[in-house]
Amino acid sequence: MRCIVELLCVGNELLIGKVLNSNAQWISDRVTRLAGVVRRITVVGDDIEEISSAIKEALTRNPKFIITTGGLGPTFDDKTLQGIAIAVNRPLKVNDEALKMIEDKYRLAYESGRLKKVEITQYRLKMATLPEGAIPLNNPLGTAPGVLFKSGNTAIISLPGVPAEMKAIFEESVVPLIRAASGDLAFYEKSLIVTRIIESDLAPIIDQVMGDNPYVYIKSHPSGAERTMLSTIELHVSTTAENADLAKERVEKAINQLSALIIQQGGKIA
């Protein structure tokens with residue numbers, strides 16, 4: 001069974017175009033390379049009702065993981081955990097383990113001279129207030145811990161929006177979970193750069209090769225205008241198979257067939 005993942009990215013900054021959603025691109029790439037399947041990416045603002053509604057809707061599709069980014073910090077607009085608590089019908093409570101993680105971070109900051117005193121203010125306590133039953137995940141680079149909450153067959157994982165912190169928690173705590181869920185499945189990909197043939201002439205070639213190789217997916221990425229005949233097209237060929245050798249074999253077979261047919265049509269493989 002494939003490891004299905006949904007992403008929920010939280011932040012007004014994403015909806016107004018202030019910040020590029022690089023977190024979604026990075027997580028999607030990592031999940032794919034771990035042989036998981038990102039089935040949907042949703043973006044909502046800093047709104048408890050919107051977050052809660054998106055989580056409830058995702059849970060009805062029963063994915064293996066829902067990964068959220070953003071909204072775990074100390075400020076008023078960090079509302080992700082409040083939204084999740086409503087969605088899973090659990091109260092928010094101070095989590096002792098999360099609180100200790102946060103206290104240790106501030107203690108280290110005090111001992112290094114970056115803080116004048118160690119004090120758990122209401123704003124810092126907010127980062128340790130999790131839905132009841134949640135498990136905090138160590139944040140190797142920042143203060144707010146990540147959060148893992150199980151709801152039926154779905155694990156809801158909440159990560160910070162700061163890319164460096166998000167990536168650090170993902171690599172340390174999330175990768176082992178996705179690897180375990182994916183089992184021995186392996187992802188493999190390869191690209192061809194094609195010139196001297198336009199995309200509309202490539203279309204029947206792609207159809208033929210995908211028909212002969214039903215386990216691979218071929219996606220064309222043209223650059224330049226087709227009418228100028230100067231476009232360069234990347235053909236991205238990928239598959240996920242029971243093991244790495246089989247995945248590579250399937251992609252190489254499709255690549256060889258693609259190359260032969262393109263050259264027959266007057267195209268060139270760069």
Side-chain angles (χ1 to χ4, degrees), residues 1-11 14 21 23-24 26-28 30-32 34-73 77-99 101-102 126-139 142-163 165-182:
M1 182 179 295
R2 300 299 303 275
C3 171
I4 304 300
V5 179
E6 292 202 18
L7 307 185
L8 174 62
C9 303
V10 181
L14 300 173
N21 193 358
N23 284 344
W26 189 88
I27 294 173
S28 297
R30 289 293 288 125
V31 168
T32 300
L34 292 165
V37 178
V38 174
R39 187 60 57 78
R40 188 176 298 227
I41 300 173
T42 304
V43 180
V44 299
D46 305 317
D47 183 280
I48 294 174
E49 190 172 324
E50 290 284 343
I51 297 166
S52 172
S53 175
I55 291 289
K56 287 179 182 176
E57 184 183 327
L59 286 172
T60 65
R61 293 185 287 271
N62 200 32
K64 189 69 177 174
F65 297 99
I66 299 171
I67 300 177
T68 75
T69 61
L72 301 186
D77 56 333
D78 291 309
K79 301 174 179 176
T80 297
L81 297 179
Q82 293 165 271
I84 292 174
I86 292 172
V88 299
N89 195 28
R90 294 291 183 91
L92 286 167
K93 291 188 173 180
V94 174
N95 181 290
D96 291 340
E97 188 178 354
L99 181 58
M101 289 178 177
I102 292 167
K126 178 175 179 287
M127 295 186 285
T129 305
L130 316 182
E132 186 180 51
I135 299 170
L137 304 175
N138 177 50
N139 184 340
T143 304
V147 178
L148 168 65
F149 184 87
K150 287 283 290 182
S151 178
N153 296 321
T154 300
I156 303 172
I157 299 171
S158 295
L159 303 175
V162 178
E165 296 183 26
M166 179 278 292
K167 292 176 184 178
I169 299 176
F170 187 95
E171 295 295 343
E172 182 176 282
S173 299
V174 183
V175 166
L177 299 175
I178 296 178
R179 280 208 174 112
S182 295

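The first residue of the sequence shown is numbered 1, and numbering continues consecutively from there.
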Distance-only donor-acceptor pairs under 3.5 Å for side chains of residues 51-60, two or more places apart:
{"unit_1": "Glu57", "atom_1": "OE2", "unit_2": "Arg61", "atom_2": "NH1", "d": "3.3"}
{"unit_1": "Thr60", "atom_1": "OG1", "unit_2": "Glu57", "atom_2": "O", "d": "2.5"}

Which heavy atom in [X] sits nearest to a heavy atom in [Y], and how many Å separate them?
{"X": "Val175", "Y": "Arg30", "value": "CG2-NH2, 3.5 Å"}
{"X": "Ala98", "Y": "Leu130", "value": "CB-CD1, 4.1 Å"}
{"X": "Leu72", "Y": "Pro160", "value": "CD1-N, 3.6 Å"}
{"X": "Ile41", "Y": "Ser28", "value": "CD1-OG, 3.6 Å"}
{"X": "Phe65", "Y": "Ala181", "value": "CE1-CB, 3.9 Å"}
{"X": "Ile156", "Y": "Ser151", "value": "CD1-CB, 4.3 Å"}

Would you compute the distance between atom [atom1] of [X] and atom [atom2] of [Y] and round it to the nearest 0.5 angstrom?
{"X": "Cys9", "Y": "Leu14", "atom1": "SG", "atom2": "CG", "value": "6.5 Å"}
{"X": "Glu97", "Y": "Ile102", "atom1": "CD", "atom2": "CD1", "value": "11.0 Å"}
{"X": "Asp46", "Y": "Lys79", "atom1": "CG", "atom2": "NZ", "value": "6.5 Å"}
{"X": "Met101", "Y": "Asn138", "atom1": "CE", "atom2": "CG", "value": "5.5 Å"}
{"X": "Leu8", "Y": "Glu50", "atom1": "CG", "atom2": "CD", "value": "10.0 Å"}
{"X": "Leu92", "Y": "Lys126", "atom1": "CG", "atom2": "NZ", "value": "9.5 Å"}

Any non-hydrogen side-chain atom of [X] less than 4.5 Å from a side-chain atom of [Y]?
{"X": "Leu7", "Y": "Thr42", "value": "no"}
{"X": "Ile135", "Y": "Val147", "value": "no"}
{"X": "Ile48", "Y": "Ile86", "value": "yes"}

Does [X] reach the main-chain N or O of [Y] with its side chain, forming a donor-acceptor pair under 3.5 Å?
{"X": "Ser182", "Y": "Leu34", "result": "yes"}
{"X": "Asn23", "Y": "Gly161", "result": "yes"}
{"X": "Asn139", "Y": "Ala144", "result": "yes"}
{"X": "Arg90", "Y": "Pro131", "result": "no"}

Taking Lys93 first and then Glu132, would you say they form a salt bridge - that is, a charged N and a carboxylate O separated by under 4.0 Å?
yes
Has [X] got more than 12 heavy atoms of other residues, nucleotides or ligands less than 6.0 Å from its [atom1]?
{"X": "Asn153", "atom1": "CG", "result": "no"}
{"X": "Lys150", "atom1": "NZ", "result": "yes"}
{"X": "Arg2", "atom1": "CZ", "result": "yes"}
{"X": "Glu171", "atom1": "CD", "result": "yes"}

side-chain contact (heavy atoms from CB on, under 4.5 Å) between Leu148 and Leu137, intermediate numbers included: CA-CA 7 Å; Leu148 168 65; Leu137 304 175; 4.1 Å; yes
Begin with the C-alpha distance, continue with both residues' side-chain angles, and end with the deciding distance and a verdict on side-chain contact (heavy atoms from CB on, under 4.5 Å) for Ile27 and Thr69.
CA-CA 10 Å; Ile27 294 173; Thr69 61; 3.5 Å; yes
| request: Dump the intermediate steps for side-chain contact (heavy atoms from CB on, under 4.5 Å) on Ile67 and Phe170, then the final yes or no. | output: CA-CA 10 Å; Ile67 300 177; Phe170 187 95; 4.1 Å; yes
Query - Side-chain H-bond candidate by donor/acceptor type, Ser158 with Thr80, under 3.5 Å - result: no
Requested in this report: Evaluate side-chain contact (heavy atoms from CB on, under 4.5 Å) for Ile157 paired with Leu177, printing each intermediate quantity in order.
Outcome: CA-CA 11 Å; Ile157 299 171; Leu177 299 175; 4.0 Å; yes
